[in-house]
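All figures in this text were calculated on a predicted structure; none of them were measured in a lab. To find a chain, count down the sequence lines: A is the first, B the second, and so on, and within it residues start at 1.
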There are 2 protein chains.
Amino acid sequence: MGARRQEHTRDELEALVVDAAEAIAGREGLGGVTMRRLAAAIGYAPNSIYHAVGDMDAIVLRLNARTLDRMTRSLKRRLAEAGDGAAAVDALVEGYMAFVHRNAGLWSGIVDYARPDKGPLPAWYEAALARPLALVDGALAPFFPDADDRRRSTAVLWAGLHGIASLAVSGKLGVVTGDDALPLARLLVHRYLAGREAA
Amino acid sequence: MGARRQEHTRDELEALVVDAAEAIAGREGLGGVTMRRLAAAIGYAPNSIYHAVGDMDAIVLRLNARTLDRMTRSLKRRLAEAGDGAAAVDALVEGYMAFVHRNAGLWSGIVDYARPDKGPLPAWYEAALARPLALVDGALAPFFPDADDRRRSTAVLWAGLHGIASLAVSGKLGVVTGDDALPLARLLVHRYLAGREAA
DNA sequence: ACACTTGTTGAACATCGTTCCAGAGGTTAA
DNA sequence: TTAACCTCTGGAACGATGTTCAACAAGTGT
């Protein structure tokens, strides 16, 4: 049966697939992204996706890398409008929480994707993950002149924001407090910075 | 075909199911827990599980509540051996991270279980979630006399530890730092406490 | 003795990711 | 030109999932 259409190059097809996955995950989360739905959305058979992009894991990694880049751009925009020092840190905190709030479906696709055991993460994915972290590292520079301490603090604050956002999105934060996520995130970062002399 | 065996009461059957789920999830994570495997493990047909316990969501909630109770007991044990004040807080931090490390499969079953849309969480589950939080709240009492501030701080630090543990278990922490999770968790809590006068 | 409820089973349904098979068409080599 | 080959393509098939259905056995109540 199969005929060669060649209406799209492999790269075009990959972009179509990730576009469709992005649209679905943005509305319904990763759970709504299935091979057959993607195939139907782009007008191809499931098998063509395996040819052009790879299996489900490859598609999710592609989508998540794109989401990370969108967040990086959003954070950079906010950083450009803010000043230095504490203002830059606040801009990152607000930018992060706002992005998670606006793109809850895409963001939860990153954090609660339980990856099957397929070797280490690709280098391009680790790079996409490192870009927003570099922004945090830069904003923390005035507060932590020691490079080691700054690297640790970047990890701590990044993970802390991740935790607050994660519990907030899944509603588990409401058990202990009625506060919104953003004030809690601000509190975490402000007090960590204020206590930075402690070990 | 169907014969009445009545070898176990409904409660016994439920315990058998959660036991089996706990054993599997402890070894392989939630992904290995399937209805047919549970049924085979306890020697019943899948449909009997639906009769005795309910659907997959009910089983996972039961299992997660049990895991939360195990963690609560573990934290209480550590608290009993530690002193008051900063020592109690340190005991909680170490206890939390140690529990996550020792029971990675069960713990990740709690945090990255994407619950389907089945109304609000049952009251007994929220209660199981509130018990460890009460321990944190108690340990923070000497540092935050104001009840509102203490509640917020409990949420912030709980979420922060959750974030660090979550990224550590999934390996994403290694992108930014080579440090172990425990020192980072200690750093987060110590500096938050040291900076508690800040807003 | 008859109806009813409860437990139980194996089969069935819809869906999932993935793979297999066959075929259509362009490209390359003789 | 013709033959071989490789690359897409689509549809069916495989194994597995959660869940539901239909039938039936065995107590229980009347």
Could you state the atom-to-atom distance from [atom1] of [X] to [atom2] of [N] in whole Å?
X       : N      : atom1 : atom2 : answer
B:Ile49 : D:dG18 : CD1   : P     : 10 Å
A:Ile42 : D:dC8  : CD1   : P     : 14 Å
B:Tyr44 : D:dT19 : OH    : P     : 21 Å
A:Leu16 : D:dC8  : CG    : P     : 16 Å
B:His51 : D:dT20 : NE2   : C1'   : 11 Å
B:Leu13 : C:dT6  : CG    : C1'   : 13 Å

Return the orientation label for the A:Phe144 and A:Tyr192 ring planes: parallel under 30°, perpendicular over 60°, tilted otherwise.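 Tilted, since the angle between the ring planes falls between 30° and 60°.
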
Please determine if A:Arg191 and B:Glu197 form a salt bridge, counting it only when a charged side-chain N lies under 4.0 Å from a carboxylate O.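 No salt bridge links A:Arg191 with B:Glu197.
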
In terms of side-chain geometry, is the basic nitrogen of B:Arg152 or A:Asp179 positioned less than 4.0 Å from the acidic oxygen of its partner? yes

What distance do B:Met56 atom CE and B:Leu38 atom CG have between them, rounded to the nearest 0.5 Å? 6.0 Å

Rounded at 0.5 Å granularity, tell me how far CG in B:Asp146 sits from CZ in B:Arg196. 13.0 Å

What's B:Ser48 touching, base or sugar-phosphate or nothing? Going by heavy atoms closer than 4.0 Å. base

Which letters describe nucleotides 14-20 of chain C, given B = protein heavy atom under 4.0 Å from base, S = only from sugar-phosphate, - = neither? --BBBBB

Does B:Val111 reach the side chain of B:His162, with side-chain heavy atoms less than 4.5 Å apart?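 The answer is yes, as the side chains (C-beta and beyond) meet within the 4.5 Å cut-off.
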
